[in-house]
Structure formats: C-alpha cells, structure tokens
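See structure below.
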2 protein chains.
Amino acid sequence: MTPRQVAVLVVIFTVSAGGLQVLLIRRSAEPFKDAWSLPGGLLNPGESLQEAAERKLDDETGLTEVFLEQLYTFSDLDKRGAVAVAYFALVDLSATHLARRREWLPKWFPIDDLPPLAFDNDDVIDYGLRRLRAKLDYSNVAYSLLPEEFTLSQLQRTHEAILSRSLDKRNFRKRILSLEIIEPTGRVASEGRHRPAQLYRFRARKPVVF
Amino acid sequence: MTPRQVAVLVVIFTVSAGGLQVLLIRRSAEPFKDAWSLPGGLLNPGESLQEAAERKLDDETGLTEVFLEQLYTFSDLDKRGAVAVAYFALVDLSATHLARRREWLPKWFPIDDLPPLAFDNDDVIDYGLRRLRAKLDYSNVAYSLLPEEFTLSQLQRTHEAILSRSLDKRNFRKRILSLEIIEPTGRVASEGRHRPAQLYRFRARKPVVF
DNA sequence: CCAAAAGTGTTGGCTGTACACCCATGT
DNA sequence: ACATGGGTGTACAGCCAACACTTTTGG
C-alpha cells in the first residue's frame, strides 16, 4: 500500500581519555548536506535490519564482533515518511580503523560537546546514552569497549566515563568481582606504569544479563 | 533506493479472572489466511508509527488513552523484506469494546495457552511479556489495566497474573504504598463482597518511571 | 456460625555505600 | 624523596523476604 524508505542509524560509542564519545560523519546529500550526523543509510535489497546495521558499523570502524543492539524506531525524523531504525554499538577505540576513503572524515565527539546535528539525531543519541547507562548496571556490555585484557582501574574509568560520575574504588572492585563476569589472566600490565596491575578479561565476550 | 512495506503490530494485553490475556485476530489475507495473529497493518500515507499503532488499538478495542509503547522492530517476519514495528498496549478489560464488524471476531487468549500463530508472532508476544514484567517493577504501567478506582487486592491480583507467581500481601501493600503512586479515594468497595475494601486510584494515569 | 477476603508489624539477611591507609614502582 | 596509581576491610543503613493472626461482612 504505502511503501516507505527504511534506513538504519548507528550510534557508535567509545570511551577514550576524553571520556565517552560518539562517532559522527558529514552528510553527503541534501537535506542537511555537510551537517554532522549519525552514520546510517538505506537497507540493501534482501538485507535484514541487523545486517544493515552490522554493515554500516563495519564500514565506519572495520569492526564486526562487537556489541550492537536495536534502540528504537523513529518515523518523523524527516518529514517525508521515512522510517529510521536506530541501533547502538560499543567499540574499543584501540581496535577501530575509521573509514578513510571519504571527502569528510568521520570523527569522534565527546558526548557533552556535540556539534549541531542533522534531523533529530540529538534525540537518538540521548536515547542511546540512557540505554547504555541502564545496561551498564545489569549486563556486561563494557566488554565491547575494552581490549581483551584490561585492569580493574581501566574498567572503572570506563564505567565512570559512561555514568559521568566517580565511583568508589573499593566498592567498585567488590561489586564487579562478585558478579564473576571477569577473571584474572595471571599476567600483569607494567608498561610505563607506576605499580604493575593485575590484568583481567571478560569470561564472555558477548552480551550477558545478570 | 529500496522502499519497503512498513507495518505496525500491536500486542494488546489485559488481565481478567483467567489471568493475563492477549488479543488475537484471524488474518483475512494470505499468507496465513485464517490463522490467528496479532492485530496490525500497514501505515497510512503521512501517518507516523505511533499514530498507526494508536489507530490499530482503537480499531480493536475502542480505546485511546491507554499505555502504548514501542517494543521492537522486526525485519524477517515475512521473507519479502517487510519491516514490522511492534508495539505493546495494556487495557482495562471492562473498558474495552471489541470490534464486531468482522467475519471473524477478535478474541482474548490466555498467555500460556495460545493457538498456533501466523509468522513469528510468538516471538513478538514473548518479547512483549518480558518487557511488561520488567516494567511492572519500576513503573506504574498497571494503571492502564485497571478501572479508575480499584482495591489493593485487585492491584495485587493484577501483578500476580503478570508475573505468574503469588506475592506476599503485606510486603506488596507496603511496597506499593511507599512508592506513592496511588492514593485512597475515601470511598470503599462493598458490592457483593465479604468485607468492604478501601478504593485507591493512581495519582497519574500516564506512564511514570520510579 | 462459617467462609472469604481485608487489613496489619516485626525480624533477619543481604546489599550498597561511606570512608582511609599502605605499597610498589618510575622519575 | 616524592608522585602516581594499585590494592585492601569494616561498619552502618536501607531494602526485601519471610512469616500469622484478627476483623468484617455475606450467606
């Protein structure tokens, strides 16, 4: 009856020294040509939503096996009846290879210092941030933001960046260890560091709900 | 590029003496003609997703101001590339007027005794049920399942039907009252009842998150 | 008088939070 | 030697779960 354009959008989060960041690209077409926006695009023929989101994520970051989850479906972003299915992804900055083959390069922006965005992409990012914060408390999503091996301090800094508040070190360690989602690797990190630190890894590198 | 059919589906829940129920209709078109399925249909031109879901809900139940929330968007329900945006709704059985003008009448089914369903509608219902159970704990969604005035026992039976387990009466009352989402009306229910019971109402008849 | 549902408090365990010091290493 | 970050325990408060009896009414 009324076929519609169906697009996917991907909110790609990472955590770096500068805190929680989102990946944005410059739009190459009207409307909002040259404005910053979330990566996204129309579905290819025969492609599922999940596949389209994975493809977009891969295009932008070169990553495939990361946390990627459907967020929400918007229908009034442009006023021409298009439907946009938003996903959110969490990536380890040190593992990503940003797309280079473009007029404008994609760029990371701190979550609290975003440029003006196309459409209502601010709403989409807000929504993603709320979900991320909620999930942090009852899942192991952070596995996707860190390298295979990491220290408890790194994990804590990651949580702090996402929640944008500081956490008590002893309580944090107690809580995380009691969840039994990570285990010590036996190795220690000592590169350019004051005191060597125990390295841990996630028992499962896929989403687990407590 | 690749326009798709976009449909909405609505999982309509209610609670009655028989427990938690879902409203199903008979499909009138192929594929799965005459199979039980969730109410739904394509978007009208110019219509948003929310509007389409509200329209479908109104068609089936005559209700408009009830809890209705987007659930998830499915893309492989039929294999022809259609996209289905699922919503879930909570209705007070005593306020609904089921659609009558049809070859096959819509019908309530207990959640644990569903007939074979078209497409993957079982998955959609499961998903809705999980969300409903989760929301019950940190929101006031039950407002939409009960009449304006109700007793604490009715509210408890509603919770029990959704969670399908029994709850301790004293703990339930303590917890609900301490949330301060309901207030006594001053009136009592006494119609055909053993001992008269205090009537309460929700302070807000719209979604509130604790 | 009996059946049915309404109403009402206390206790123990668990969980989350607040809080401060010592240690190993690099510079 | 000092600066930096790693690592560790305890005490209190709030929350949730378990648990049983009395009251009011209708039949």
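A, B, ... follow the sequence lines: proteins, then strands. Residue 1 opens every chain. This structure is a prediction, so every number in the text was calculated from the model and none was measured.
Comment: A:R203 does not engage A:E180 in a salt bridge, judged by the lack of any side-chain N to carboxylate O separation of less than 4.0 angstrom. Using a cut-off of 4.0 Å between Lys/Arg side-chain N and Asp/Glu carboxylate O, A:E149 and A:R187 are scored as salt-bridged.
Remark: P of C:dG9 and CZ of B:F172 are 18 Å apart, rounded to the nearest angstrom. Between A:F210 atom CZ and C:dG16 atom C1' there is a gap of 16 Å when expressed in whole angstrom units. If you measure from atom CD of A:Q156 to atom C1' of D:dT8, you get 14 Å, rounded to the nearest angstrom. Atom-to-atom, CG of A:L177 to C1' of D:dT8 comes out at 12 Å; the value is rounded to the nearest Å. When the P atom of C:dA4 is taken as reference, atom CZ of B:R157 falls 14 Å away, rounded to whole Å. Rounding to whole angstrom units, CD of residue A:Q154 and C1' of D:dG7 are separated by 16 Å. Regarding B:L152, its CG atom lies at a distance of 10 Å from the C1' atom of C:dG7, rounded to whole Å. Put simply, CZ on B:R173 is 18 Å from C1' on D:dC16, counting in whole angstrom units.
A donor-acceptor pair shorter than 3.5 Å cannot be found between the side chains of B:Q21 and B:T14.
Formation of a donor-acceptor pair under 3.5 Å by the B:D168 side chain with backbone atoms of B:N171 is found in this model.
Phosphate proximity of C:dA5 to B:S153: absent, as no side-chain N or O sits under 4.0 Å from OP1 or OP2.
A 6.0 Å sphere centred on CZ of B:R133 holds more than 12 heavy atoms belonging to other residues, nucleotides or ligands.
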### Query
If the sugar-phosphate is the primed atoms plus P, OP1 and OP2 and the base is the rest, what is the B/S/- string for nucleotides 18-27 of chain C, using protein heavy atoms under 4.0 Å?
BBB--BBBS-
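Residues B:F202 and B:F150 place their aromatic rings such that the two centres sit under 6.0 Å apart.
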